[in-house]
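See below for the structure under consideration.
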Amino acid sequence: MVLLLYVDDIILTGNSEDLLNDLVNYLSNNFVMKELGDLHYFLGLEAIRSSDAIMLTEKKYILELLAKSHMLECNPCSTTVPKGPRVSVNEGTLLSNATKFRTTVGMLQYFSLTRPDICFRVNYASQYMHAPNDIHLLLVKIILRYFEGTIGYGITLRKGDVECSTAYTDSDWGSFPETARSTCGYTIFMGNSLISWSSKKHPTVSRSTTEAEYKCLSAATAELEWLGSLFSELHITLKKPITLYCDNTNAIYLSANLVSHSRAKHIKIHYHVVRELIEEGFLTVQHISSENQLADLFTKGLCAPIFTSLLHQSLELSSSDDTTSSASTTSTSSAVTDLEETAEFSV
């Protein structure tokens, strides 16, 4: 059994109905609780079930954000980040009141839990939280316009071979105009379902695209190690080696070459953990063409056709509007009660 508790909201799952009922009865005898049945709504996330999948979406909160931003009637756009150079910190006119900008970006960070397609744009906009200006505000409005055309989208988790994992890594070298730092992005699949993703600015400057890509391999490897530990607690044994896809051949050679040559001797030791895990058979790094590099969604702006193509390849996004399940309207009005009075319980 696995129990997830957030303040006074609980999700419980397991592989034995009798054990689940026993635990629910035990907790009910010791605490004032209310059982809500099958999971439909949790902390703003809607769970829409079908026979072979579960879809997570935040349609209700997205509508609230659009209404709050007065953009319910705006024209939708097809991509969150148009292809082109990045905006500089020094461009534009500072906002007289930055509270709205920061509040909106904060809400968007929560939306990225079920919307990986906005992850890079939110990371992009977050870089300007300290001194936002009118141009940075336009970056956020593009995300809201993108939401207008994809309100019902969410991430779909499907049944399948959960023991097979794959990952994709990519880096946009020197993409930040002021600091010359790179953007690191990776996606990790469990079977056919995307379960982990990241878009993050490198903490240090990379001297080459090879170094930037190699650092991304290290970041994805750390996440894979943690997931492997988590799965072992859930009694799930991952098939090894885990395949890690990278579109930079030099980074792949560096991960397998134990010789420290002049172009790599400055790279910090902790990045070389990738080599050790390859030797142990934990993972293998393989080349993939840029056209099929799913991690591009998390590192750079893309033109609409490429963005849409990679999106449907990787995220399997589907619209809740097309789902016949009535689960999307169940429990959406459940109030959060005081911790000492009632705990809401979903199985």
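All values below come from the heavy atoms of this structure, side chains included, with hydrogens, waters and symmetry mates left out.
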Taking only distance into account, with no hydrogens and no angle test, what donor-acceptor pairs under 3.5 Å do side-chain atoms of residues 95-102 form with protein atoms, sequence neighbours excluded?
residue	atom	partner	partner atom	Å
N97	OD1	T99	N	3.1
N97	OD1	T99	OG1	3.0
R102	NE	M129	O	2.8
R102	NH2	M129	O	3.1
R102	NH2	H130	O	3.2

Enumerate the residue pairs fulfilling salt bridge (charged side-chain N to carboxylate O under 4.0 Å, His left out) with a member in residues 284-311, sequence neighbours excluded, ordered by first and then second residue. D170-K300, D296-K300
Heavy atoms only: give me the nearest T210-A251 pair and the separation to one decimal. CG2-N, 3.8 Å
Smallest heavy-atom separation, N248 atom then H287 atom, equals N-CD2, 4.3 Å
Heavy atoms of A180 and V205 approach each other most closely as O-CG1, 3.9 Å
With rounding to the nearest 0.5 angstrom, report the OG1 to CG distance, T169 to L244. 5.0 Å
Under a 3.5 Å distance rule, please check whether E280 uses its side chain to pair with a backbone N or O of F282 as donor and acceptor. no
Is it true that a side-chain atom of S199 and a backbone atom of T299 form a donor plus acceptor pair closer than 3.5 Å? no
Those residues that, when tested against N292, pass side chain to side chain contact (heavy atoms under 4.5 Å, CB included) (two or more places apart): I288, S289, Q313
With side chain to side chain contact (heavy atoms under 4.5 Å, CB included) as the test, pick out the partner of I11 among V2, L5, L4, L43. L4
For residues 65-75, pull every pair meeting salt bridge (charged side-chain N to carboxylate O under 4.0 Å, His left out), keeping only residues two or more places apart or in separate chains. none
Neighbour count >12 (heavy atoms, 6.0 Å) for atom NZ, K201: yes
So, do I10 and M33 sit near enough that their side-chain heavy atoms are less than 4.5 Å apart? yes
Kindly give the heavy-atom pair with the smallest separation between C119 and S112, and that separation in Å. CA-CB, 4.4 Å
Find out if a path of hydrophobic residues (ILVMFWY) with successive side-chain heavy-atom gaps under 4.5 Å connects L138 to Y124. no
Separation of L3 CG from T13 OG1 (nearest 0.5 Å): 10.5 Å
Can you see which heavy atom on Q109 is nearest to which on S126, and at what distance? NE2-OG, 3.2 Å
What residues, two or more places apart in sequence or in another chain, satisfy salt bridge (charged side-chain N to carboxylate O under 4.0 Å, His left out) together with D52? none
Centre-to-centre under 6.0 Å for F120 and F298, is that the case here? no
So, taking the atom named OG1 in T187 and the one named OH in Y168, what distance separates them when rounded to the nearest 0.5 Å? 7.0 Å
Could you check whether any side-chain N or O of T57 sits under 3.5 Å from a backbone N or O of Y153, counting only pairs where one atom can act as donor and the other as acceptor? yes
Would you check if L20 and L12 make a side-chain contact, meaning some heavy-atom pair closer than 4.5 Å? yes
Output all residues satisfying ring-ring contact (aromatic ring centres under 6.0 Å, His included) with F111, sequence neighbours left out; order by chain, then residue number. F147
Over all heavy atoms of both residues, which pair between S165 and L238 is shortest? Give the atoms and the distance, please. OG-CD2, 3.5 Å
According to a hydrophobic-cluster definition based on side-chain heavy atoms being under 4.5 Å apart (Ile, Leu, Val, Met, Phe, Trp, Tyr only), do W173 and Y245 belong together? no
Do T243 and L283 have side chains that approach each other closer than 4.5 Å (heavy atoms only, starting at C-beta)? no
Take M71 and R145 through the side-chain contact (heavy atoms from CB on, under 4.5 Å) test and state the conclusion after the steps. CA-CA 8 Å; M71 296 192 67; R145 289 179 56 200; 3.7 Å; yes
Is a side-chain N or O of E213 found less than 3.5 angstrom from the main chain of T209, in a donor-acceptor match? no
Would you say that E148 contacts L66 through its side chain, given a criterion of any heavy-atom pair below 4.5 Å between the two side chains? yes
Which distance, rounded to the nearest 0.5 Å, do you find between the OG of S69 and the CE of M107? 7.5 Å
Could I get the full list of side chain to side chain contact (heavy atoms under 4.5 Å, CB included) partners for C184, not counting sequence neighbours? H202, C216, A219
Test item: R181 side-chain N/O and P203 main-chain N/O as donor-acceptor pair under 3.5 Å: yes
Those residues at least two apart in sequence (or on a different chain) that pass side chain to side chain contact (heavy atoms under 4.5 Å, CB included) with S198 are Y186, K200
Under the side-chain contact (heavy atoms from CB on, under 4.5 Å) criterion, do D117 and Y146 qualify, and how do the steps go? CA-CA 10 Å; D117 48 335; Y146 175 74; 2.7 Å; yes
Output for pair (L217 CG, L277 CG), nearest 0.5 Å, gives 11.5 Å
side-chain contact (heavy atoms from CB on, under 4.5 Å), that's the test. Do L194 and I188 meet it? Break it down for me. CA-CA 6 Å; L194 179 62; I188 299 176; 5.6 Å; no
With Y128 as reference, evaluate V140, N133, L139, L137 under the side chain to side chain contact (heavy atoms under 4.5 Å, CB included) test and give the passing residue. L139
E58: what forms a side chain to side chain donor-acceptor pair (under 3.5 Å) with it, not counting sequence neighbours? T114
Which pairs of donor and acceptor atoms, one on a side chain in residues 223-234, lie under 3.5 Å apart (sequence neighbours left out)?
residue	atom	partner	partner atom	Å
E223	OE2	S196	OG	2.8
S232	OG	S229	O	2.5

Distance from L297 atom CG to F307 atom CZ, nearest 0.5 Å? 6.0 Å
Please enumerate all residues that pass salt bridge (charged side-chain N to carboxylate O under 4.0 Å, His left out) together with E64, with sequence neighbours excluded. K60
Mark yes when over 12 heavy atoms from residues, nucleotides or ligands other than N15 sit less than 6.0 Å from its CG; otherwise mark no. no
L27 vs N29 side-chain heavy atoms within contact, under 4.5 Å: no
Distance-only donor-acceptor check, side chains R115 and T150, under 3.5 Å: yes
Listed by chain and number, what are the side chain to side chain contact (heavy atoms under 4.5 Å, CB included) partners of S78, not counting sequence neighbours? A304
Hey, are K215 and T204 close enough side-chain-wise for a donor-acceptor pair under 3.5 Å? yes
side-chain contact (heavy atoms from CB on, under 4.5 Å) between L63 and L72, intermediate numbers included: CA-CA 8 Å; L63 287 171; L72 278 174; 4.2 Å; yes
